[in-house]
Amino acid sequence: MVVTRIAPSPTGDPHVGTAYQALFNYVFAKQHGGKFIVRIEDTDRSRYNPTSERRILEMLEWLGLSPDESPLKGGPNGPYVQSQRLPIYHQHVRILLEKGAAYRAFDTPEELARAREEALRAGKQEMGYNRRYRDYPPEEAERRAAAGEPHVVRLKVPLEGKTIVHDLLRGPVEFDNATLDDKVILKADGYPTYHLAAMVDDHLMGVTHVIRAEEWLTSTPFHIHILRAFGWKEPVWCHTPLLRNPDKSKLSKRKMDTSVDSYRAQGILPEALLNYLGTMAWSMPDGREIFSLEEMLVHFRLERIRLGAPVFDLEKLRWMNGKYIREVLSLDDLAERVKPFLERAGLTYPSEDYLKQVVEVMRARFETLQEFVDKSMYFFSEAYPMQEKALAKLREGAQLLPELHERLQKAPNMLPETTEPLLRGYAEAKGIKAAQVMQPLRAALTGSLETPGMFDLLFLLGKERVLRRLERAIERTRAS
RNA sequence: GGCCCCAUCGACUAGCGGUUAGGUCACCGCCCUUUCAAGGCGGCGGCAGGGGUUCGAAUCCCCUUGGGGUCACCA
């Protein structure tokens with residue numbers, strides 16, 4: 001059975017890179033009838049963020065990438081949080097120590113820093129660990145360890161030969177063992193490093209395909225040596241390109257908004273974000289750009305992932321979100337999604353029906369759910385702002401306002417069939433262009449010059465509000 | 001800097017030896033139009049460079065250049 005996983009570390013906001021990896025791992029596992037696991041890698045106590053784990057798990061649910069096994073769901077291979085698996089790692093480190101595949105090293109951080117400095121000054125190319133304790137007598141090491149002397153455990157990597165990483169997308173990637181390092185696998189604080197913990201867990205959890213970001217490619221030889229030291233089989237390695245900032249560097253929160261929570265708060269739809277991520281380094285065979293997770297499940301092939309690292313383009317994400325808003329979601333669904341945003345803005349609506357009609361006329365005019373709220377305020381409140389340019393238009397047409405008020409008041413209703421001839425007829429009678437009537441009226445009714453069509457506006461606002469707003473506008477132009 | 005990966009319009013991509021190099025976003029026009037959008041139509045714009053291989057290279061090979069990643073008791 002195919003088993004994939006993502007192994008996020010709970011260090012901050014749920015990252016789009018995590019969502020990206022989750023997408024590929026989820027889709028690949030699911031289309032093979034396999035399992036998708038989430039394991040929390042919290043072995044760095046200094047960077048631990050207590051809310052992060054929950055938010056990462058929530059993000060996955062929001063996106064619809066539910067894991068089969070996770071800290072929340074549990075599963076046969078738990079626990080799924082590495083800090084709760086310490087005995088397992090210790091037991092495995094013990095095995096490597098006994099096999100002579102790893103060794104204890106008693107260098108202090110200061111000593112290491114000094115050694116690095118010296119190596120640097122000597123102009124050495126490889127700046128790895130000097131392997132001072134590699135051949136230290138094991139009995140002596142055990143004695144010092146038993147005496148409570150702080151130390152780490154390092155893996156004894158081969159000094160010669162080559163290690164070949166068989167990457168699914170790249171083919172064989174060759175590394176000279178001489179360039180490898182005896183990296184730490186167990187830290188002085190008793191926590192394993194990523195390398196050891198990930199390999200032990202992947203093995204114990206039955207992970208068959210390691211689909212992860214390319215930044216891991218160069219540490220894969222080391223991972224292979226950990227697996228070999230245990231005598232375990234390698235998974236299929238598949239390193240996917242890194243998402244990038246507009247300046248082409250690795251996607252980072254310093255340069256970009258990388259928080260999925262933040263996109264969610266702005267009103268980016270989960271479907272749109274997922275769809276957009278699905279077009280990063282991957283594409284549908286038929287070239288379709290708008291596709292659902294279900295459709296991706298049908299057509300996804302790992303082999304179709306390109307190796308060039310794509311730039312995460314906010315502009316296109318927003319466009320795609322707009323596409324979902326105006327073409328993919330049903331009106332009912334869209335109205336439903338907009339509700340929490342209205343609520344957060346403290347805006348209320350008189351009826352479901354009214355809300356739906358507003359959403360319908362606004363639909364082509366907003367790209368995020370938050371934008372709907374920002375641009376539709378005047379449909380829900382009298383406390384909408386009067387924009388500078390709108391005020392100018394209002395003044396331009398100030399003398400028309402009383403007449404418009406009078407005519408609209410006499411109108412039997414605000415239906416388009418009534419108001420359209422009324423307004424057009426009025427413009428004609430005055431010998432001016434329709435726009436000269438519409439614009440001041442628009443400004444009076446909405447405080448804006450960017451709104452849905454006038455007849456929709458009149459109908460949705462209703463006679464009472466239309467007249468009231470006109471009166472207020474007349475007051476306003478008179479006052480100034 | 002060492003090692004590793006990568007390279008088609010500004011961005012995302014199709015292409016897998018023979019195409020006028022196609023699509024999407026962005027940008028620019030035009031149309032529609034009461035504004036703003038949306039939509040329709042059109043345009044701008046690309047195979048990093050140099051060598052090979054081949055009857056024929058965006059496609060295969062090599063070099064150069066460029067970009068990225070990685071070199072922690074972080075993941």
Side-chain angles (χ1 to χ4, degrees), chain A residues 7-9 11 41-44 46-47 105 107-109 112-113 116 120 123-129 150-154 165 167 169-170 173-176 178-181 183-189 191-195 197-198 213-221 239 241-242 244 246-250 276 279-290 306-320 322-323 326-327 362-367 375 389-390 393 420 423-424 427 433-439 441-443 446 448-455 457:
Chain A
S9 51
T11 54
E41 312 237 324
D42 60 344
T43 56
D44 183 354
S46 64
R47 294 204 305 159
D107 315 81
T108 64
L112 290 176
R116 250 192 298 270
L120 198 65
K124 285 183 72 174
Q125 296 296 11
E126 269 94 44
M127 296 181 292
Y129 175 54
H151 65 282
V152 300
V153 176
R154 290 176 180 271
V165 176
D167 185 88
L169 300 175
R170 278 161 266 258
V173 181
E174 206 175 273
F175 293 86
D176 210 324
T179 65
L180 266 34
D181 195 15
K183 284 183 194 305
V184 172
I185 56 175
L186 189 71
K187 300 183 250 183
D189 65 2
Y191 279 69
T193 57
Y194 168 84
H195 309 292
E214 188 183 349
E215 57 186 329
W216 295 107
L217 184 57
T218 47
S219 41
T220 307
H239 293 90
L242 248 13
R244 304 206 239 181
D247 71 359
K248 310 273 192 185
S249 57
K250 168 166 93 167
Y276 179 66
T279 65
M280 300 270 84
W282 190 79
S283 59
M284 274 286 189
D286 66 3
R288 229 179 320 171
E289 274 198 297
I290 303 298
R306 309 172 11 98
L307 292 174
V311 170
F312 190 83
D313 181 19
L314 242 50
E315 201 75 53
K316 192 155 182 183
L317 204 214
R318 287 177 56 84
W319 167 79
M320 196 170 271
K323 195 84 175 162
R326 71 187 96 91
E327 290 176 22
M362 286 300 295
R363 209 170 190 181
R365 297 176 167 83
F366 64 99
E367 287 188 319
K375 293 182 173 178
K389 283 180 180 170
K393 274 287 175 215
E420 179 154 12
L423 291 180
R424 291 197 191 283
K433 285 193 281 187
Q436 288 175 276
V437 175
M438 306 280 196
Q439 288 295 70
L441 182 56
R442 188 186 313 280
T446 68
S448 170
L449 256 23
E450 299 165 13
T451 78
M454 180 53 68
F455 313 116
L457 231 36

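No experiment lies behind these values; they were computed from the predicted model shown. Numbered from 1 within each chain, the chains take letters A, B, ... in sequence-line order.
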Single hit among Arg306(A), Lys250(A), Arg170(A) for salt bridge (Lys or Arg N to Asp or Glu O under 4.0 Å) with Glu214(A) | Arg170(A)
Upstream residue (5' side of RNA chain B) when Pro285(A) and Ser219(A) are each assigned their closest nucleotide = Pro285(A)
When you match Leu242(A) and Trp282(A) each to their closest nucleotide on RNA chain B, which lands nearer the 5' end?
-> Trp282(A)
Atom-pair distance ([atom1] on [X]; [atom2] on [N]), nearest Å:
{"X": "Arg288(A)", "N": "U24(B)", "atom1": "CZ", "atom2": "C1'", "result": "15 Å"}
{"X": "Asp247(A)", "N": "G66(B)", "atom1": "CG", "atom2": "P", "result": "17 Å"}
{"X": "Leu441(A)", "N": "U35(B)", "atom1": "CG", "atom2": "C1'", "result": "12 Å"}
{"X": "Ile185(A)", "N": "C74(B)", "atom1": "CD1", "atom2": "C1'", "result": "17 Å"}
{"X": "Lys183(A)", "N": "C74(B)", "atom1": "NZ", "atom2": "P", "result": "12 Å"}
{"X": "Asp181(A)", "N": "C71(B)", "atom1": "CG", "atom2": "P", "result": "10 Å"}
{"X": "Lys248(A)", "N": "C12(B)", "atom1": "NZ", "atom2": "C1'", "result": "10 Å"}
{"X": "Phe312(A)", "N": "A26(B)", "atom1": "CZ", "atom2": "C1'", "result": "16 Å"}

Of the candidate nucleotides [options], which contains the atom at the shortest distance from the side chain of [X]?
{"X": "Leu112(A)", "options": "A75(B), C73(B), C12(B)", "answer": "C73(B)"}
{"X": "Glu289(A)", "options": "U34(B), C74(B), G23(B)", "answer": "G23(B)"}
{"X": "Arg116(A)", "options": "A72(B), U34(B), C12(B)", "answer": "A72(B)"}
{"X": "Glu450(A)", "options": "C36(B), A75(B), A11(B)", "answer": "C36(B)"}
{"X": "Thr218(A)", "options": "G69(B), A75(B), U34(B)", "answer": "G69(B)"}
{"X": "Trp216(A)", "options": "U35(B), C73(B), A75(B)", "answer": "A75(B)"}

When you check the phosphate oxygens OP1 and OP2 of [N], does a side-chain N or O of [X] lie under 4.0 Å from one of them?
{"X": "Lys250(A)", "N": "G67(B)", "answer": "no"}
{"X": "Thr43(A)", "N": "A75(B)", "answer": "yes"}
{"X": "Ser283(A)", "N": "A14(B)", "answer": "yes"}
{"X": "Arg318(A)", "N": "C25(B)", "answer": "no"}
{"X": "Lys187(A)", "N": "A75(B)", "answer": "yes"}

Whom does [N] pair with, Watson-Crick or G-U wobble, provided both distances fall under 3.5 Å?
{"N": "C41(B)", "value": "G29(B)"}
{"N": "C71(B)", "value": "G1(B)"}
{"N": "A7(B)", "value": "U65(B)"}

N/O to N/O distances under 3.5 Å, protein versus nucleotides 38-41 of chain B:
| from | atom 1 | to | atom 2 | distance (Å) |
| --- | --- | --- | --- | --- |
| A38(B) | O4' | Ala364(A) | O | 3.4 |
| A38(B) | O3' | Arg326(A) | NH1 | 3.4 |
| G39(B) | OP1 | Arg326(A) | NH1 | 3.3 |

Pick base, sugar-phosphate or nothing for [X], based on heavy-atom distances below 4.0 Å to the nucleic acid.
{"X": "Val152(A)", "value": "base"}
{"X": "Pro246(A)", "value": "nothing"}
{"X": "Phe175(A)", "value": "sugar-phosphate"}
{"X": "Met280(A)", "value": "sugar-phosphate"}
{"X": "Leu423(A)", "value": "nothing"}
{"X": "Thr451(A)", "value": "base"}
{"X": "Pro310(A)", "value": "sugar-phosphate"}
{"X": "Asp107(A)", "value": "base"}

Presence of salt bridge, [Y] and [X], under 4.0 angstrom:
{"X": "Lys316(A)", "Y": "Asp313(A)", "answer": "no"}
{"X": "Glu450(A)", "Y": "Lys389(A)", "answer": "no"}
{"X": "Asp286(A)", "Y": "Arg288(A)", "answer": "yes"}

Roughly how far apart, to the nearest Å, are [N] and [M] at atom [atom1]?
{"N": "U19(B)", "M": "C28(B)", "atom1": "P", "result": "35 Å"}
{"N": "G43(B)", "M": "A26(B)", "atom1": "C1'", "result": "14 Å"}
{"N": "G51(B)", "M": "G46(B)", "atom1": "C1'", "result": "22 Å"}
{"N": "A72(B)", "M": "G67(B)", "atom1": "P", "result": "23 Å"}
{"N": "A21(B)", "M": "U59(B)", "atom1": "C1'", "result": "11 Å"}
{"N": "G40(B)", "M": "C62(B)", "atom1": "P", "result": "45 Å"}
{"N": "C60(B)", "M": "G68(B)", "atom1": "C1'", "result": "25 Å"}
{"N": "A48(B)", "M": "C55(B)", "atom1": "P", "result": "25 Å"}

Can you confirm whether [X] sits close enough to [Y] that some side-chain heavy atom of one is under 4.5 Å from a side-chain heavy atom of the other?
{"X": "His239(A)", "Y": "Leu169(A)", "value": "no"}
{"X": "Leu217(A)", "Y": "Asp167(A)", "value": "yes"}
{"X": "Thr193(A)", "Y": "Lys183(A)", "value": "no"}
{"X": "Phe455(A)", "Y": "Leu423(A)", "value": "yes"}
{"X": "Met362(A)", "Y": "Pro452(A)", "value": "yes"}
{"X": "Glu327(A)", "Y": "Ile290(A)", "value": "no"}

So which heavy atom on Val152(A) is nearest to which on Ala188(A), and how close?
->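 So the minimum-distance heavy-atom pair works out to CG1-N, 3.7 Å.
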Between the protein and nucleotides 5-7 of chain B, list the N/O to N/O atom pairs that are separated by less than 3.5 angstrom.
| from | atom 1 | to | atom 2 | distance (Å) |
| --- | --- | --- | --- | --- |
| C5(B) | O2' | Arg170(A) | NH1 | 3.0 |
| C5(B) | O2' | Glu214(A) | OE2 | 2.7 |

Evaluate the side-chain contact (heavy atoms from CB on, under 4.5 Å) criterion for residues Thr218(A) and Phe175(A): first the C-alpha distance (whole Å), next the side-chain angles of each, then the deciding distance (0.1 Å), finally the verdict.
-> CA-CA 8 Å; Thr218(A) 47; Phe175(A) 293 86; 4.2 Å; yes
What pairs with Glu315(A) under side-chain hydrogen bond (donor to acceptor under 3.5 Å, both in side chains), at least two apart in sequence or on another chain?
->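 side-chain hydrogen bond (donor to acceptor under 3.5 Å, both in side chains) list for Glu315(A), sorted by chain: empty.
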Please work out whether the ring planes of His195(A) and Trp216(A) are parallel, tilted or perpendicular, with thresholds of 30° and 60°.
-> perpendicular
Can you find a donor-acceptor N/O pair under 3.5 angstrom joining the side chain of Lys316(A) to the base of U24(B)?
-> yes
